[in-house]
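Here's the structure, in structure tokens; my notes come after.
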Amino acid sequence: MSSSSSLYKQLGLGAGSPVSASHLLLLVLGAGFLALTVFVVHPNEFRIQSFFSGGCGRPGTDAATAAVAASPVKNVSGGASDAAAATTAARSPDNDVRVLIGIQTLPSKYERRNLLRTIYSLQAREQPSLAGSVDVRFVFCNVTSPVDAVLVSLEAIRHGDIIVLDCAENMDNGKTYTFFSTVARAFNSSDGEGSGSGSPPPPRYDYVMKADDDTYLRLAALVESLRGAARRDAYYGLQMPCDRENFYPFPPFMSGMGYALSWDLVQWVATAEESRRDHVGPEDMWTGRWLNLASKAKNRYDMSPRMYNYRGASPPSCFRRDFAPDTIAVHMLKDAARWAETLRYFNATAALRPSHL
């Protein structure tokens, strides 16, 4: 399949297409933009943007990348910069942790992506001690809306932090499987930098995290907790069910709010029969199911109580808690009021100066 025909299919232009003539101009413009920002890595399995394959390389010598090199975090997506790499920092060679965070969202959720870009770029700017390397990317399936095709293309060019998977948009019909398998094939060990000793180059990432777009992550706390975790056969998150006396005792899995797999497990998911044949179902439960059936993920890290759902007026439980200073992640931030309350508690506006008002 050629890149142009794959793109044609992505935009929904085929037999019986409901797209009217009034949309053709938008579609042509959108296709032009997407052709600049998207290339087919594996035509039958997935689609990934070309900037993504080079997003973690060494900084260039142009003015933009020169400015990037002095900022605190490696390629955390920055909402106020000219590139996704605008929050790049030097890595610590001794205990470096490299994490790819794929935030699953929808093409139409522009406001949420803008909020998250701002949050994570400010965290990176205000926490220069963050030694790990964190890449934040927004993940969705094929863009079928003519309007989104244009606007998302502009967003991708502007920020360089979007992954488009070759799948129909869904939550529990294989999107997470496609994400992990896409990343595994795009960033195999040949992409790493060699050690100079003749040994195989290391993988680009130690961990790949799937996260929801209503989850607030505190990147410094996340990286610090992962530093002490195993680099192989590792499964990290909020383990469910957390209360087996009051919840049905199904096999354990990590909550979909945000969970990470070590790189070897990401590669395993991409090739395993367990995941290939059975990926339609609640995505977080099914990820745990694959690992449980194959006796994988012997190193499991349950981050309760540091990862939890927003409590609000609801009674507390083992997965729903009040805010705490050592929090890694807060989930279920479904509206602006919840985001504002959360950001206020964690003093996200600490850098605000009187002149800003």
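As a basis for the values below, the full set of heavy atoms in this structure was taken, side chains included, without hydrogen atoms, waters or symmetry mates. Given the structure is predicted, the values throughout are model-derived calculations rather than measurements.
With hydrogens and angles disregarded, no donor-acceptor distance shorter than 3.5 Å links the side chain of Asp148 to the backbone of Val143. A donor-acceptor contact shorter than 3.5 Å is absent between the side chain of Arg320 and the backbone of Asn309. Looking at Asp284, its side chain never comes within 3.5 Å of a backbone N or O of Ser255 through a donor-acceptor pair. Of the possible polar contacts, one joining the Arg231 side chain to the Ala229 backbone as a donor-acceptor pair under 3.5 Å is found. Looking only at distances, a side-chain donor or acceptor of Asn292 sits under 3.5 Å from a matching main-chain atom of Pro252. With hydrogens and angles disregarded, a donor-acceptor distance shorter than 3.5 Å links the side chain of Tyr301 to the backbone of Ala230. Checking side-chain atoms of Arg218 against main-chain N and O of Val330 turns up no donor-acceptor pair under 3.5 Å.
The salt bridge (Lys or Arg N to Asp or Glu O under 4.0 Å) test with Asp214 is passed by exactly one of Arg338, Arg112, Lys334, Lys109: Lys334. None of Ile103, Ile101, Asp213 except one satisfies the side-chain contact (heavy atoms from CB on, under 4.5 Å) rule with Phe138; the exception is Ile103.
Contact of the Val136 side chain with the Leu116 side chain is not registered, since no non-hydrogen atoms from C-beta on lie closer than 4.5 Å. Contact check for Val208 versus Phe187: no side-chain heavy atoms found under the 4.5 Å cut-off. Using a 4.5 Å cut-off on side-chain heavy atoms (C-beta onward), Asn170 and Glu283 make no contact. Here the side chains of Trp268 and Leu291 are in contact, with some heavy-atom distance below 4.5 Å.
Ion pair Asp212/Lys210 flagged as a salt bridge, since at least one NZ, NE, NH1 or NH2 atom sits closer than 4.0 Å to an Asp/Glu carboxylate oxygen. Salt bridge annotation for Arg227-Glu224: present, with a cationic side-chain nitrogen under 4.0 angstrom from a carboxylate oxygen. At a threshold of 4.0 Å, the pair Arg158-Glu155 does not count as salt-bridged, since none of the basic side-chain nitrogens sits closer than that to a carboxylate oxygen.
Aromatic ring pairs are classed by plane angle as parallel below 30°, tilted from 30° to 60° and perpendicular above 60°; the pair Phe346 and Tyr216 is tilted.
Across all their heavy atoms, Cys141 and Glu169 have their closest contact at N-OE1, 2.8 Å. For the residue pair Pro203 and Trp263, the shortest heavy atom distance occurs at CB-CD1, 3.4 Å. Listed here is the closest heavy atom pair of Leu217 and Ala329: CD2-CB, 3.6 Å. The minimum heavy-atom distance linking Met307 with Gly258 is given by the pair CE-O, 3.2 Å. The two residues Asp233 and Lys298 have their closest heavy-atom pair at OD2-N, 3.1 Å. Residue Phe253 comes nearest to Gly288 through the heavy atom pair CB-CA, 3.9 Å, listed as atom of the first residue, atom of the second, then distance.
Taken from OG in Ser108 to CZ in Phe140, the straight-line distance is 9.0 Å, to the nearest 0.5 Å. The CG atom of Asp264 lies 10.5 Å from the CG atom of Asp206; values are rounded to the nearest 0.5 Å. Taken from CZ in Arg98 to OH in Tyr207, the straight-line distance is 11.0 Å, to the nearest 0.5 Å. Rounding to the nearest 0.5 angstrom, the gap separating the CE atom in Met257 from the OH atom in Tyr259 is 12.5 Å. A distance of 6.0 Å separates OH in Tyr120 from CG in Leu219, rounded to the nearest 0.5 Å. The line from OH of Tyr236 to CG of Leu261 is 13.0 Å long, rounded to the nearest 0.5 Å.
Between the side chains of Tyr345 and Thr327, not a single donor N or O lies within less than 3.5 Å of an accepting N or O. In summary, the side chains of Asn142 and Thr144 do not present any donor paired with an acceptor at a separation below 3.5 Å, with no hydrogens or angles considered. Thr342 and Tyr310 share no donor-acceptor pair across their side chains, judged by distance under 3.5 Å alone.
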Walk me through it: do Arg276 and Glu273 pass the test salt bridge (charged side-chain N to carboxylate O under 4.0 Å, His left out)?
CA-CA 5 Å; Arg276 186 196 65 77; Glu273 181 65 16; 2.7 Å; yes
